[in-house]
Amino acid sequence: MRIEPRESVSLAMKGIAPLMAVGTAMLVCSALLVWAGASPTQGWVLMISGALGSKFALSETLTRATPLILTGLAAAVAFRAKLWNIGGEGQFYMGAVVATWLGTGPFAMPPYLMIPYLFLAGAMGGGLLLLLPTLLKTRLQVDEVVTTLLLNFIVILFVNWLVFGPWKDPMAMGWPQAAPVVDQALLPQVLDKTRLHLGFFIALFCAVGVWWFMRATTWGFEIRAVGASPRASAFAGMPVAAVTVRTALLSGGLAAMAGVAELCGVKGYLTLDLSPGFGYSGIVVAMLAALHPLGVVASALFVAVIQIGADSMSRSINISSYIADVTTAVCLLAVLVAMFLTRYRIRWR
Amino acid sequence: MDILSFFLETGFWMATLRMATPLILGTLGELICERAGVLNLGIEGIMAAGCMAGWTWVYMGGDLWTGVLFAAFIGALFGLLHALFTVHLGLSQHVTGLGITMLAASLSSFVFRMLLPSATTPPKIVPFQPLAPPLLADIPVLGQILIGQTALTMVALAAVAVVSYVLYRTPAGLAVRMAGENPMAVEAQGLSVFAIRTWAVMAGSALMAVGGAFLTMSAFDAYYIGMVNGRGWICIALVVFASWKPGKALLGCLLFAAFDAIQMRVQQQSGMLIPYQFYLMMPYVFSIIALIVMSRRAAYPKALLIPFRKGER
């Protein structure tokens with residue numbers, strides 16, 4: 001076996017690559033359905049109709065895509081700069097914690113001030129959380145993959161303490177949850193009788209904003225340059241450490257905004273099951289989009305379809321909803337191979 | 001109550017050794033992979049897969065030791081997948097590893113749920129029993145500590161000796177270390193970097209899976225989802241702490257488990273003075289501190305994270 005770089009990459013191949021990955025994931029998912037004794041065609045029909053088949057299903061899918069877009073953007077921005085932020089889960093909860101802290105009463109404001117205020121404050125919380133591993137990376141060369149992963153566990157235990165201890169809502173019949181945020185902090189519904197909230201549009205706005213930032217500003221260019229080659233960037237006079245810190249603040253902030261959106265848009269109060277792993281799925285979303293901010297929207301919608309569809313399918317036929325996690329994991333691995341194949345060809349001899 | 005007095009109790013040291021066992025196996029496994037130049041972030045998921053596979057084997061009527069072998073086999077399979085992607089195709093070791101973790105963990109949960117759909121309380125198996133070999137009890141202190149351990153702890157301790165011997169005293173070990181330091185030199189010797197790295201990642205992943213299997217087959221008698229709970233990530237920190245040396249890895253794991261045992265004791269004795277969540281954070285905090293302390297002296301294998309391609313420099 002010999003691996004050769006391709007001389008040119010056609011646009012068509014770049015477009016086909018993610019579709020190949022999705023196809024592979026669907027094949028594996030079908031195999032699991034067969035193993036579990038279900039018909040794969042029936043399974044897929046149930047999944048697609050469960051995610052897209054009605055106004056309610058569609059609204060659920062868009063609601064699920066909201067935090068995925070934001071955590072996906074967080075991963076895309078960081079990975080672009082080769083800052084391996086795997087702490088999206090922790091930053092998500094940090095955003096939710098800050099929003100709970102400031103959104104449950106200390107300040108009274110009208111909604112049009114309260115909502116931006118909570119998003120900004122939450123984003124600062126998430127950015128600062130990622131700052132610690134980033135400074136350890138730039139100052140002491142401590143690998144940020146492990147430190148960000150470990151911080152996830154620390155933050156989740158911290159939330160655990162908050163909702164079982166000082167922040168436990170006495171009105172919640174003994175459930176471990178914090179007091180609900182005030183009404184002014186709740187994100188308004190955008191579609192009647194559904195859970196779809198303003199957060200979805202905030203996420204879309206962020207995607208366009210990040211796209212513009214990465215493409216058209218000096219800071220965005222610096223992030224891409226540092227990711228492509230830190231040595232060349234340093235030689236060109238870019239402050240590599242400062243760029244990495246800026247990337248961290250942006251990435252951590254975006255992941256935390258997902259937490260604020262989920263808290264103020266869907267749940268209304270802080271619990272330990274606020275996130276079914278949005279931080280980790282964000283990595284899949286970013287990779288599926290080849291780290292492109294606008295592509296993140298499409299891939300977040302795709303992952304949301306799989307998750308919502310699998311939930312609905314698992315209720316109709318007796319299949320564990322973990323099949324959604326398996327499918328997204330296969331997607332991640334398959335997209336890596338597919339993107340590799342657009343750049344290289346394999347010669348068998 | 002004197003906190004220091006329990007250093008003299010054998011019970012404390014027994015608990016330390018028991019808690020260190022999965023870490024020893026996982027750390028050794030990760031160490032082998034990294035020594036060959038491949039970071040294996042699949043460890044968290046591979047441990048979960050081993051945890052589930054070993055338990056399921058026994059629950060389905062298999063024997064304990066073949067269950068351990070089965071867990072190792074499943075681990076090696078995921079290792080093969082990781083090696084195909086990172087060694088042969090040269091894909092990002094970070095992202096592939098996370099993908100392997102997600103795949104192995106979700107597949108374990110899915111298979112477990114499908115095999116036992118109606119289990120509300122996790123069903124139990126008869127795990128490995130504490131050993132009581134006749135001669136061991138006569139050794140003064142060490143014997144007392146070793147006597148209450150199960151067979152898998154002995155396997156872990158033996159693995160430290162075997163891995164250290166193979167890495168430093170055999171041609172195969174030299175080849176593995178060379179693949180992680182200077183793959184071109186391996187190729188110049190007429191050996192295949194691809195083959196060496198693939199075997200190393202498979203062997204390492206098999207060890208990680210046995211570390212996971214210890215949790216369901218020795219430490220506890222049932223499987224539940226999320227059981228590994230970050231132990232894999234802690235192992236990655238411990239490899240850095242151990243400077244990629246098996247002996248130091250054993251020391252690091254014991255030290256780490258001792259801290260864990262101390263915090264549990266302090267937690268019991270101090271009552272509700274400090275909320276238990278802060279004690280549970282300690283292992284993760286220690287791991288981060290260990291990484292910071294060792295950062296100045298970290299001597300990474302030179303070719304770690306760098307894919308090898310024939311004819312490319």
Side-chain angles (χ1 to χ4, degrees), chain A residues 1-3 5 32 35-37 79 84 86 132-133 136 139-143 145-147 149-155 157-162 164-166 277 280-281 283-284 287 314 318-337 339-341 344 346, chain B residues 39 41 44-45 81 84-85 88-92 94-114 117 194 225 229-230 232-234 236-237 239-240 275-288 291-292 294-296 298 300 309-312:
Chain A
M1 189 182 94
R2 196 179 156 78
I3 290 166
L32 286 179
W35 175 74
F79 288 12
W84 300 102
I86 321 294
L132 173 75
L136 288 176
R139 295 284 164 86
L140 298 170
Q141 282 83 46
V142 178
D143 184 31
V145 173
V146 189
T147 44
L149 270 167
L150 292 168
L151 272 175
N152 287 344
F153 290 88
I154 295 175
V155 171
L157 281 165
F158 178 68
V159 175
N160 188 308
W161 169 65
L162 286 176
F164 275 98
Y280 299 106
S281 320
I283 295 165
V284 184
M287 293 309 295
S314 71
N318 211 5
I319 301 282
S320 158
S321 61
Y322 280 107
I323 200 164
D325 296 342
V326 181
T327 312
T328 41
V330 175
C331 264
L332 174 62
L333 292 172
V335 82
L336 283 174
V337 176
M339 282 184 344
F340 167 82
L341 289 176
Y344 293 88
I346 297 176
Chain B
L39 173 73
L41 289 182
E44 179 82 6
L81 196 62
L84 280 177
F85 283 11
H88 293 269
L89 300 183
L91 303 178
S92 156
H94 283 126
V95 186
T96 308
L98 288 169
I100 298 280
T101 282
M102 288 181 190
L103 179 67
S106 59
L107 211 52
S108 309
S109 309
F110 178 76
V111 171
F112 180 71
R113 277 276 181 273
M114 292 317 291
F194 296 115
I225 289 159
N229 203 12
W233 311 132
I234 288 172
I236 291 182
V239 172
V240 180
Y276 71 93
Q277 288 93 345
F278 288 91
Y279 290 106
L280 293 180
M281 280 179 201
M282 284 299 125
Y284 310 111
V285 175
F286 288 146
S287 301
I288 293 177
L291 283 174
I292 297 171
M294 294 310 287
S295 64
R296 291 193 181 281
Y300 284 83
R309 288 211 181 89
K310 253 186 189 162
E312 257 182 41

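Atom set for the values below is all heavy atoms of this structure, side chains included, hydrogens, waters and symmetry mates excluded. Just so we're on the same page: letters track the sequence lines, and every chain starts at 1.
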- Query: Any side-chain heavy-atom pair from B:Phe110 and B:Arg113 closer than 4.5 angstrom?
  - Reply: no
Honestly, the part of A:Leu136 sitting under 4.5 Å from a heavy atom of chain B is side chain
Value for OH (A:Tyr322) from CE (B:Met114), rounded to nearest 0.5 Å, stands at 13.5 Å
The interface call for B:Leu91 against chain A, heavy-atom contacts under 4.5 Å, is side chain
- Kindly indicate whether the side chain of A:Val330, heavy atoms from C-beta on, has any atom under 4.5 Å from the side chain of B:Leu103. yes
Applying a strict 4.5 Å limit to non-hydrogen atoms, the region of A:Val326 in contact with chain B is both
Cut-off 4.5 Å, heavy atoms of chain A, and the answer for B:Val240 is neither
Assert top hit (heavy-atom pairs under 4.5 Å, partner chain A, pool B:Ile234, B:Leu81, B:Ile100, B:Leu107) equals B:Leu107
When rounded to the nearest 0.5 Å, the distance separating CZ of B:Phe85 from OG1 of B:Thr96 is 7.0 Å
For A:Phe164 and B:Gln277 the tightest heavy-atom approach is CB-NE2, 4.0 Å
Among A:Ile154, A:Val146, A:Val142, the residue with the most heavy-atom pairs under 4.5 Å to chain B is A:Ile154
The interface call for A:Trp161 against chain B, heavy-atom contacts under 4.5 Å, is both
Whatever's closer than 4.5 Å to a heavy atom in chain B on A:Tyr280 counts as both
From the list A:Thr147, A:Leu149, A:Leu157, A:Asn152, side chain to side chain contact (heavy atoms under 4.5 Å, CB included) with B:Tyr284 holds only for A:Leu157
So CZ of A:Phe153 and CG of B:Asn229: to nearest 0.5 Å the spacing works out to 6.0 Å
Scored by heavy-atom pairs under 4.5 Å with chain B, the best of A:Asp325, A:Leu341, A:Thr327, A:Ile346 is A:Asp325
Value for CH2 (B:Trp233) from CG (A:Leu151), rounded to nearest 0.5 Å, stands at 14.0 Å
Interatomic distance, CG@A:Leu132 vs CD1@B:Ile292, rounded to 0.5 Å, equals 6.5 Å
So, the part of B:Leu39 with a heavy atom under 4.5 Å from chain A: the answer is neither
Cut-off 4.5 Å, heavy atoms of chain B, and the answer for A:Ile283 is side chain
Rounded to the nearest 0.5 angstrom, the CG-CE distance for A:Leu333 and B:Met102 is 9.0 Å
Bottom line for A:Leu332: the part with an atom under 4.5 Å from chain B's heavy atoms is side chain
Per-residue tally against chain A (heavy atom, under 4.5 Å) across B:Val95, B:Ile236, B:Thr101 peaks at B:Val95
When the 4.5 angstrom heavy-atom criterion is applied to B:Phe194 and chain A, the contacting part is neither
Cut-off 4.5 Å, heavy atoms of chain A, and the answer for B:Ser92 is side chain
